[in-house]
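Below: the structure, in structure tokens.
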Amino acid sequence: MNNNINLGHVFGVSKNILKSYVERAIDYELKDKLDLTDHHIVIFGETKVGKTFLRKKYIPVTDEVVVIDCTKGINLSDIYMQILYKSGVDSIENITKSMEETNKLKGEVSANFLEFIKSKITGETVDTSKHNELIKPYIPNTVSVLVSNELEKKGINTVILDDFHYLPLIEQYQLAFDLKMFYQNGIRFVVLGTKITSGYFEKFNGELSHRIDYIDATEWNESELKEVVNKGSKALNINFNEEVIDYLISSSNSIISVFQGLLFNLCQKNDVKKPQQNHIIISSVEEAKNVTTEYWEKMTLTYFNKIKDIASGGRKRKLQLYYYITKIILNSEQDIIRNGFSFQYLYENLKNHHPLGDSINHGALTTVLNHFDELQIDKEIFPKVFTYFDKRLSVVDSDFYFITKHLDKSKINEILPPHDYAIEIIETERDFQMKLFED
């Protein structure tokens, strides 16, 4: 029995790899890609599904590896400066000057071009007249070439970009072209983020095809979750009744971070804070239910504020579409929430639930969905709850699955009181149509 460990080393949410860490199929997939290829690697999935643990397990920080944590407001020049700093490279005048020139060029990129690259992600069609006028900006890769040369001198062969989704779209676009150059120079990037799916970077730069691999870290199956319990139980010299385990898997909605949190709290309730001298069995399903209720109630204290902020929309909100979309989401079944909300699903439901009914047109909904990510950034909702990608509004914060699983749908109007979001139907039909694009 190891008396140097405690409950926090075994179960719960931690920045460190837990004793209950379980190897999944994606562990072997990542190991193979690291050992057998020289490709860039993208690890994607919703928040708190184990992306960072997976990376830490197989790509520890060494003299050859640099880790960059992306944060709100960061740009590619910031990232390159951090890479150089962590690599022990002193600020070099020609690199700094090139960064300033590149930032200036990116600042001059036309609104039409930004709309064009955004359409590659959202799946929306760009206005043909605007598309014909598009001029691809010239953004030289001088900075990345200089950075690459410095990394080679220092023996750096791997760069980790964590929380990549915070990088603005124009910076992601530029990175997609820089990645080809880094690949050719033998420097591997490992990118972790939520707003990514297979083929994401190729949407910007088709030349990355066969040079970049994607690993989806989202799914945890029942056997993997049970193995988490088994490994943790052995470390603490305890057991959980099978009914308790089954209940926690179901009540957590198979979200690993929630599952770990519930195991931690249930152990605390049973005064298991370190390995037990005498083996004990945790067997009360009722106690597990109480722990789940307490966990959910504590989480919703802050989470419902996120929901309200999203529902209240932006400055122009005459149609209150954010409110009605949020209500549609909260009233949806779990299988739909898990798969994301297609444009057509939201449109049909809006026609059934919005006071304007069939007067809501595609353009109004498209405008709102295209601004869902920006709205959450403007309101400082981190991590974001939703993202609009490939004509689908998807959940990117895994906690949302747990929240909605236990949400009493009869209480939704208490969370989002209709009188706070009412619209007055006093304009003519023509006025409505003119204002549909203002939301």
Side-chain angles (χ1 to χ4, degrees), residues 1-2 5-14 18-24 46-50 53 218-304 330-338 395 397-412 414-415:
M1 185 182 299
N2 187 350
I5 67 171
N6 60 41
L7 176 59
H9 298 133
V10 180
F11 292 132
V13 179
S14 172
L18 298 169
K19 298 293 183 183
S20 56
Y21 183 94
V22 167
E23 290 188 351
R24 297 183 278 165
E46 295 134 2
T47 61
K48 300 178 282 290
V49 295
F53 273 8
T218 303
E219 296 296 329
W220 283 79
N221 62 41
E222 184 176 313
S223 64
E224 290 165 345
L225 293 172
K226 287 186 174 181
E227 183 59 21
V228 168
V229 178
N230 290 338
K231 289 192 72 174
S233 296
K234 288 177 182 177
L236 293 170
N237 193 29
I238 63 173
N239 262 0
F240 290 85
N241 181 287
E242 197 68 28
E243 290 182 12
V244 170
I245 297 173
D246 290 341
Y247 174 78
L248 292 179
I249 290 174
S250 173
S251 68
S252 68
N253 217 350
S254 298
I255 303 304
I256 183 61
S257 61
V258 174
F259 186 63
Q260 284 276 13
L262 294 178
L263 288 168
F264 181 93
N265 288 4
L266 190 54
C267 284
Q268 270 194 316
K269 286 282 184 185
N270 286 271
D271 202 32
V272 176
K273 298 177 182 178
K274 59 183 180 179
Q276 301 298 287
Q277 292 291 335
N278 299 312
H279 186 80
I280 70 166
I281 298 175
I282 296 175
S283 58
S284 173
V285 175
E286 195 61 35
E287 197 170 44
K289 289 180 179 179
N290 292 337
V291 164
T292 299
T293 300
E294 291 170 6
Y295 198 86
W296 185 85
E297 288 176 347
K298 183 177 181 181
M299 188 178 288
T300 56
L301 289 175
T302 56
Y303 215 94
F304 284 160
L330 294 179
N331 278 292
S332 296
E333 297 302 320
Q334 280 296 308
D335 60 334
I336 294 173
I337 293 174
R338 284 280 187 154
V395 174
D397 183 5
S398 62
D399 285 344
F400 188 76
Y401 299 131
F402 175 65
I403 294 288
T404 51
K405 179 175 178 65
H406 297 278
L407 178 64
D408 182 348
K409 289 183 170 57
S410 68
K411 304 290 186 183
I412 291 174
E414 294 179 17
I415 302 167

For [X] and [Y], which heavy atoms make the closest approach, and how far apart are they?
X    : Y    : result
A235 : I5   : O-CD1, 3.7 Å
G8   : N6   : N-OD1, 2.9 Å
K273 : Q276 : N-NE2, 4.2 Å

Original post:
Can you name the residues that form a side chain to side chain donor-acceptor pair (under 3.5 Å) with T404, not counting sequence neighbours?
Top reply: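 Partners of T404 by the side chain to side chain donor-acceptor pair (under 3.5 Å) criterion, ordered by chain and then number, come out as Q334.
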
Original post:
Excluding sequence neighbours, so at least two apart, what forms ring-ring contact (aromatic ring centres under 6.0 Å, His included) with F11?
Top reply: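 F11 satisfies ring-ring contact (aromatic ring centres under 6.0 Å, His included) with no residue once adjacent residues are dropped.
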
Is any side-chain heavy atom of [Y] closer than 4.5 Å to one of [X]?
X    : Y    : value
S251 : K289 : no
V229 : L248 : no
Y401 : E46  : yes
F402 : T292 : yes

Listed pairs under 3.5 Å, donor-acceptor, residues 279-288 side chains, sequence neighbours left out:
{"from": "H279", "atom 1": "ND1", "to": "N237", "atom 2": "O", "distance (Å)": "3.3"}
{"from": "H279", "atom 1": "ND1", "to": "N237", "atom 2": "OD1", "distance (Å)": "3.2"}
{"from": "S284", "atom 1": "OG", "to": "E287", "atom 2": "N", "distance (Å)": "3.0"}
{"from": "E287", "atom 1": "OE1", "to": "N270", "atom 2": "ND2", "distance (Å)": "3.1"}

Original post:
For residues 222-245, which residue pairs qualify under ring pair (Phe, Tyr, Trp, His ring centres under 6.0 Å), counting only residues two or more places apart or in two chains?
Top reply: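 Every candidate ring pair (Phe, Tyr, Trp, His ring centres under 6.0 Å) pair involving residues 222-245 fails, so no pair, neighbours aside, qualifies.
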
If you measure from [atom1] on [X] to [atom2] on [Y], what distance do you get to the nearest 0.5 Å?
X    : Y    : atom1 : atom2 : value
I249 : I255 : CD1   : CD1   : 12.5 Å
N253 : D399 : CG    : CG    : 11.0 Å
S223 : R24  : OG    : CZ    : 11.0 Å

Subject >> Q268, CD: over 12 other non-hydrogen atoms inside 6.0 angstrom >> reply: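 Correct, the count exceeds 12.
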
**OP:** Return yes when atom NZ of K231 has more than 12 non-hydrogen atoms of other residues, nucleotides or ligands closer than 6.0 Å, and no otherwise.
**Re:**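 Yes, the 6.0 Å shell around NZ holds more than 12 heavy atoms from other groups.
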
Could I get the full list of salt bridge (charged side-chain N to carboxylate O under 4.0 Å, His left out) partners for [X], not counting sequence neighbours?
X    : value
K409 : none
K226 : E222, E242, D246
D397 : K48, K306

Original post:
Is a side-chain donor or acceptor of E414 paired with a backbone partner of K411 at a separation under 3.5 angstrom?
Top reply: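 No.
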
**OP:** Would you check if the side chain of T300 reaches a backbone N or O of E297 as a donor-acceptor pair within less than 3.5 Å?
**Re:**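 Answer holds: yes.
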
Subject >> side chain to side chain contact (heavy atoms under 4.5 Å, CB included) against Y21, all qualifying residues, sequence neighbours excluded >> reply: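 If we apply the side chain to side chain contact (heavy atoms under 4.5 Å, CB included) test to Y21, skipping adjacent residues, the hits are I17, E23, D27, F53, L54, K57, Y58.
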
Original post:
Among all residues two or more places apart in sequence or in another chain, which pass the side chain to side chain contact (heavy atoms under 4.5 Å, CB included) test with S14?
Top reply: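 Listed in chain order: N16, L18.
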
Donor-acceptor pairs are to be reported for all side-chain atoms of residues 256-267 against protein atoms at under 3.5 Å, with residues two or more places apart or in another chain.
{"from": "Q260", "atom 1": "OE1", "to": "G12", "atom 2": "N", "distance (Å)": "3.1"}
{"from": "Q260", "atom 1": "NE2", "to": "S20", "atom 2": "OG", "distance (Å)": "3.0"}

Original post:
salt bridge (Lys or Arg N to Asp or Glu O under 4.0 Å): which pairs involve residues 256-269, sequence neighbours left out?
Top reply: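 Qualifying pairs, neighbours excluded: K269-E294.
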
Original post:
Applying salt bridge (Lys or Arg N to Asp or Glu O under 4.0 Å), which residue pairs with at least one partner in residues 255-264 are found, sequence neighbours left out?
Top reply: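 Listed once each, the pairs would be none.
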
Subject >> Geometric class of the W296/F304 ring pair [parallel <30°, tilted 30-60°, perpendicular >60°] >> reply: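 It falls in the perpendicular class, over 60°.
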
